[in-house]
Amino acid sequence: AAEIDALGTEASLDMRVNTLKTTREALIKSLKEEGFDPSPTPYSPWGVRLAKRGAIFNTKAFREGWFEVQDEGSQLIAFACNAKAGEKVIDFCAGAGGKTLALSAMMQNKGRVLAWDTSATRLEQIVKRIRRAGADNIQRHAIESESDAFIKRHKGSADVVLIDAPCSGSGTWRRNPDLKWRFAQQDLDEVTAIQTRVLASAARLVKPGGRLVYATCSLFNEENKKQVEQFLSRNPDFRVATPAEIWNNEYGFNGLEAQDTLQLSPLRSNTDGFYAAVLVKNKE
């Protein structure tokens, strides 16, 4: 009940600083000079939160590509990938590219980020954002489905594969309250079946010792822990890496890293309801 009540609260306006061009401190200073009241987000080292909404797309910082609007929870999903400079990273369900851009910055523009999606239209939306962000290591490709023959070309080659899976979107109901009236049990059954197929397909891409990050913006167990448990039962060569292991206890996440997997919500973390599991493939 408390979680449902929290979904009725107003969502914050969060931004991710583009570390390819500036720092969080410089972004906060710039926004203050233009009359905003920004502050660092409590969990994401890239995040800036505004106390009040405003015309941020008219700011110098936006024109210069210093930030992207992105919920702190979404930032933490990208952060959990722990992508490093020079690696090969696949964003399997890239959409319009919010996490793709975060991964590129995390990798300092070095290595390759392959942004895939079944919608060429959605992938096209990232083009201007890539240019504004100054990201040079992103390659886009539209796939027909999770079983597209193109995927096999990259089998066993990726250091990191991120699956931001199609889901109910229940974690975003405070931003999209009408969704709760348009999502039924049948829809949940259909989307969990898709998630299972996507997980099975994406797992082929991970090289030994690599990471498969499964994420949703859902609060439903059927889409989250249950999916991971089913995947692990079919793929014993993968194991769960805790957030504390991935982040090496470097950041003060106030207990978020104590879980085996990460479940965020408006009640627990004042973010959207994101879930993430980091699955490491055993080395051969």
Side-chain angles (χ1 to χ4, degrees), residues 5-79 91 94-106 108-109 113 115 117 119 121-136 138 140 164 169-180 182 215 217 264-274:
D5 288 344
L7 286 170
T9 61
E10 183 178 357
S12 61
L13 178 60
D14 297 346
M15 294 170 282
R16 176 186 59 79
V17 61
N18 178 14
T19 54
L20 295 177
K21 290 191 171 184
T22 190
T23 64
R24 179 158 67 172
E25 293 73 21
L27 174 59
I28 288 174
K29 181 176 182 293
S30 177
L31 291 173
K32 284 183 176 179
E33 289 173 352
E34 296 201 43
F36 294 92
D37 186 20
S39 60
T41 52
Y43 304 119
S44 169
W46 306 324
V48 173
R49 178 167 293 164
L50 291 186
K52 293 182 180 180
R53 295 177 180 272
I56 57 171
F57 298 120
N58 294 332
T59 61
K60 175 185 176 182
F62 179 77
R63 292 192 299 271
E64 296 293 330
W66 282 16
F67 70 85
E68 284 282 336
V69 172
Q70 187 176 26
D71 180 76
E72 183 183 21
S74 179
Q75 296 177 37
L76 288 176
I77 299 304
F79 197 63
D91 191 350
K99 296 180 184 67
T100 304
L101 290 165
L103 291 167
S104 174
M106 193 176 198
Q108 303 168 43
N109 240 345
V113 182
D117 200 88
S119 172
T121 302
R122 294 183 71 190
L123 283 176
E124 189 65 24
Q125 296 174 22
I126 195 178
V127 175
K128 289 183 179 179
R129 298 169 72 189
I130 289 174
R131 190 177 304 120
R132 191 170 57 85
D136 301 322
I138 298 172
R140 298 172 299 117
D164 187 7
S170 54
T172 66
W173 281 354
R174 61 179 183 164
R175 298 183 189 275
N176 306 286
D178 59 309
L179 287 180
K180 68 171 71 76
R182 296 191 284 113
C217 51
L264 308 171
S265 75
L267 179 67
R268 302 182 193 194
S269 51
N270 194 26
T271 67
D272 287 346
F274 281 96

Any side-chain heavy-atom pair from R129 and E68 closer than 4.5 angstrom?
yes
Taking only residues two or more places apart in sequence or in another chain, which ones pass ring pair (Phe, Tyr, Trp, His ring centres under 6.0 Å) with F274?
none
Whether D272 and R174 form a salt bridge (side-chain N of Lys/Arg under 4.0 Å from carboxylate O of Asp/Glu) is what I want to check.
yes
For the pair D164 and I77, evaluate side-chain contact (heavy atoms from CB on, under 4.5 Å) and give the outcome as yes or no after the intermediate values.
CA-CA 9 Å; D164 187 7; I77 299 304; 5.8 Å; no
T172 side chain vs R175 backbone, donor-acceptor pair below 3.5 Å
no
Would you give the length of the straight line joining atom CD of Q125 to atom CG of D117, rounded to the nearest 0.5 angstrom?
10.0 Å
Side-chain contact, heavy-atom cut-off 4.5 Å: S104 with L101?
no
Side-chain heavy-atom pair K21, L27 within 4.5 angstrom cut-off
no
For the OG1 atom of T100 and the CG atom of L123, what is their distance to the nearest 0.5 Å?
8.0 Å
Pair R49-S12, side-chain donor/acceptor within less than 3.5 Å:
yes
Determine whether a donor-acceptor pair (N or O, by modelled atom type, separation under 3.5 Å) exists between the side chain of S74 and the backbone of Q70.
no
What orientation do F62 and F67 show, parallel under 30°, tilted 30 to 60°, or perpendicular over 60°?
tilted
State, to 0.1 Å, how close S39 and I28 come at their nearest heavy-atom pair, and which atoms those are.
C-CD1, 4.2 Å
Less than 4.0 angstrom from a charged side-chain N to a carboxylate O is my criterion; do R140 and E124 meet it?
yes
Once rounded to the nearest 0.5 Å, what's the spacing between atom CH2 of W66 and atom CG of N18?
10.5 Å
Between A115 and I138, the two heavy atoms sitting closest are CB-CG2, 4.4 Å
To the nearest 0.5 Å, what is the distance between CD (Q108) and CG (L20)?
8.5 Å
Listing, residues 29-37 side-chain donor-acceptor contacts under 3.5 Å, not counting sequence neighbours, or none:
from : atom 1 : to  : atom 2 : distance (Å)
K29  : NZ     : E33 : OE2    : 2.7
E34  : OE2    : K60 : N      : 2.9

How close do P266 and G273 get, heavy atom to heavy atom, and via which atoms?
CD-N, 4.2 Å
For R53, which residues count as a salt bridge (charged side-chain N to carboxylate O under 4.0 Å, His left out) partner, sequence neighbours excluded?
E10
Taking the side chain as every heavy atom from C-beta outward, state whether P40 and V48 have any atom pair closer than 4.5 Å.
no
Hey, could you give me the CG/OG1 distance between L267 and T9, rounded to the nearest 0.5 Å?
9.0 Å
Do T271 and D71 get their side chains close enough for a donor-acceptor pair, meaning under 3.5 Å?
no
From CZ (F79) to CE (M106), nearest 0.5 Å:
5.0 Å
Do Y43 and L76 come within less than 4.5 Å of each other through their side chains, counting heavy atoms only?
yes
Please find the pair of heavy atoms, one from S269 and one from L264, that lie closest to each other, and give the distance.
OG-CB, 3.4 Å
Looking at V69, is its backbone amide N or carbonyl O close enough to the side chain of R16 to form a donor-acceptor pair, meaning the two atoms are under 3.5 Å apart?
no
